[in-house]
Amino acid sequence: MSSSILQILNGHVQVAFEALDLPVELGRVVVGSKGDAPFQCNGALAAAKIAKKSPRDIAASVVEKLAGNPDIESAEIGGPGFINLVPAAHVLKARANGLAQSEMTGARPADKIQKFVVDFGGPNVAKPMHVGHLRSSVIGDSLQRLLRFRGHSVVSDIHLGDWGLQMGHLITELQEEQPDLMYFDKDIVDGYPAEPPVTIDDLARLYPLASGKAKEDAERMQRSRTATAELQGGRAGYRALLDHFIKVSIAALKTDFGALGVYFDLWKGEAAVDPLIGPMVEKFKQDGFTEESEGALIIRVDEETDKKELPPLILISRAGAALYATTDLATIQDRRDSINPDTILYVVDFGQSSHFEQVYRAAGKTGLFPREGLEHIKFGTVNGKDGKRFRTRAGGVMRLSDLLSQANEAAASRLSEAGLAKDMDAEERAEVARMVGLAAIKFSDLQNVRTTNYIFDLERFTSFEGKTGPYLLYASVRIKSLLRKADNLGVELGEICPDSEAEKKLVLTLDSFNRALAQAEAKRMPHILCEHVYNLAQAFSKFYADCPVLASDIADDVKSSRLALAELTLRQLILGLGILGIETPERM
RNA sequence: GGUUCCGUAGCUCAACCGGAUAGAGCACCUGCCUUCUAAGCAGGGGGUUGUAGGUUCAAGUCCUACCGGAAUCACCA
């Protein structure tokens, strides 16, 4: 595996800095921001103070050291002391062919391989998936793919919300509707039917109903709380209902996530760790980490250095129920014992920052799990055009399935508008529309910086021009078409000789794949990879416009060179898109 | 009110330990399909990076204050 062009230049410049008795780290080469030079070194500016010389003088000395270096075509001083670097043609060529021979097109495994648990999706039983779930799902999915691609071992877990008050709501609301069901009879403890008493639509209806009532009626709320506590206490009829609810929900969720192309290794939920809670709480008590406060059992997690007051973590509520934080702690214990990960990532919106801060501190304090191994991969909320949380006109949230079908329809009509895919049969057209619609949605979500809120705009999610998923698919499909045509003409892949500006730019972009991957991993930020694949597609489009591959007046070796460059680009595009969870059709 | 995050072109967003003239897309204007997919390419206009200070050779980026928005502030998840 050849070194990246940036690494090669970096090596030379650092040697030059060292030779001048300047700190090696100042010789760092970065991608250039100005002018024609693809790379630059800004170290001369920073070195000025140490060396007590002007930045331009230092830059001049460095450039002198670099003179005659066969890997460097030019090193020139710009502005107050920037060193602009252009790699030699043979470096570009060698790297291009090295990348072409690399199965992973230059991507390398991470230096330090770890075991990760990625906790994302996190839908609640009974609540249908809405657009708010989109971000956790696509970001989490992209991160699990990225981490695996980088060589890490990953276990993803949907972490279903199936244990809290919402279950009490569902049980009590169902009881109001169908009081005669045997599940509500305390005297019956087994022999429940295998058929669920509810459908997913029932659940979706019952929950908001109960939640709404409980908000206005304290007595109604109390019944839900009591039912929750009884469920957690092991009341048989309620447990049987819970199992039905979970089963019905998982079936519906598998459809939703399947449509999104998002998969989980584990479909565990909060209820699964219930048996761990009792002993865990007992141990916390014995170890002296807990105290009673206002009737609840708590763990104090505030620290001297805090600016803000962090409330204590509530382990057991006054009503005797385990809460969100309790099951999260038990889940950590479960994962530690069954998976033993180095790091657990929680892909959850930033509204829950303080909750996770409490849980992580408690986990660290009690020795359950090292604090550093717990990371909240927070993301911003999806807002409407008014800057508030996204709502449809009716006031509810938009269902994810509605969003998917709208994107699908938009893609289908775009296909017929453009007169594309005329020769496809109905099945292939539908499949292409599905891929295009999904690519549009995923890319428009993933390209945003994870941590900021963004404005939900259906038009943006169903737009196919410019910086969009479909643009990336389009670039891929054009290459596939090119390769098919080349195959028919008997043109074969050959040695890459990047001559034109468009070819050089394309090689430089291809060269930066591994950096984008490494950075996206380090920051847990998929948008960095989005940026890379978009740059790649752009560089290819320019190459495609500027450099005919199969035209009859092109020399055979140039054809083969350009074809190989296109083929390499395709492989890297597919790899990059794959990590973003985006599939590529054969044609569109 | 306390705390955290955010404020960049008309709109939606980038900007890699602080680096040159702050970049893309959409929208708008001008070119380019008798040869590889025009969902494309080339070019143009569009900015006091919320405001005021400070640190630095250098600030969208770091510090302080203020303005505006969002989230959150113990028994929901």
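Labels below follow one simple rule: chain letters A, B, ... track the order of the sequence lines, proteins then strands, and each chain is numbered from 1.
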note = Stems in RNA chain B, runs of 3 or more consecutive Watson-Crick or G-U wobble pairs with both distances under 3.5 Å, sorted by first number, are B:1-7 with B:67-73, B:10-13 with B:23-26, B:28-32 with B:40-44, B:50-54 with B:62-66
message = Holding to salt bridge (Lys or Arg N to Asp or Glu O under 4.0 Å), I want the full list of residues that pass it with A/E409, two or more places apart in sequence or in another chain.
response = none
message = Between A/E357 and A/S354, is the side chain to side chain donor-acceptor pair (under 3.5 Å) condition met? List the steps.
response = CA-CA 5 Å; A/E357 185 64 31; A/S354 57; over 6 Å; no
key: Those residues that, when tested against A/K378, pass salt bridge (Lys or Arg N to Asp or Glu O under 4.0 Å) (two or more places apart)   = none
remark   = Applying salt bridge (Lys or Arg N to Asp or Glu O under 4.0 Å) to A/E492 and not counting sequence neighbours gives none
Sort me out a list of protein N/O and nucleotides 25-30 of chain B N/O pairs below 3.5 Å, or just none if empty.
{"unit_1": "B/G25", "atom_1": "O2'", "unit_2": "A/K467", "atom_2": "N", "d": "3.4"}

task = Identify, residue by residue, the members of residues 442-452 of chain A with a heavy atom below 4.0 Å from RNA chain B, and return them in order of residue number, or none.
result = A/N448, A/V449, A/T452
ask   = What pairs with A/R300 under salt bridge (Lys or Arg N to Asp or Glu O under 4.0 Å), at least two apart in sequence or on another chain?
value = A/E291
message = Enumerate the side-chain hydrogen bond (donor to acceptor under 3.5 Å, both in side chains) contacts for residues 543-553 of chain A, please, sequence neighbours excluded, ordered by first and then second residue.
response = A/K542-A/D546
message = Applying ring-ring contact (aromatic ring centres under 6.0 Å, His included), can you list everything that pairs with A/F356, at least two apart in sequence or on another chain?
response = A/Y346, A/Y360, A/H376
key: Sequence-distant partners of A/I314, side-chain contact (heavy atoms from CB on, under 4.5 Å), two or more places apart   = A/A296, A/I298, A/L323
query = Does A/R220 have any side-chain contact (heavy atoms from CB on, under 4.5 Å) partners at least two apart in sequence or in another chain, and if so, which?
reply = A/T172, A/E173, A/E176, A/A210, A/K213, A/A214, A/D217, A/R223, A/S224
task = Mark up nucleotides 72-77 of chain B, 5' to 3', with B wherever a protein heavy atom is under 4.0 angstrom from a base atom, S wherever such an atom reaches only the sugar-phosphate, and - elsewhere.
result = S-BBSB
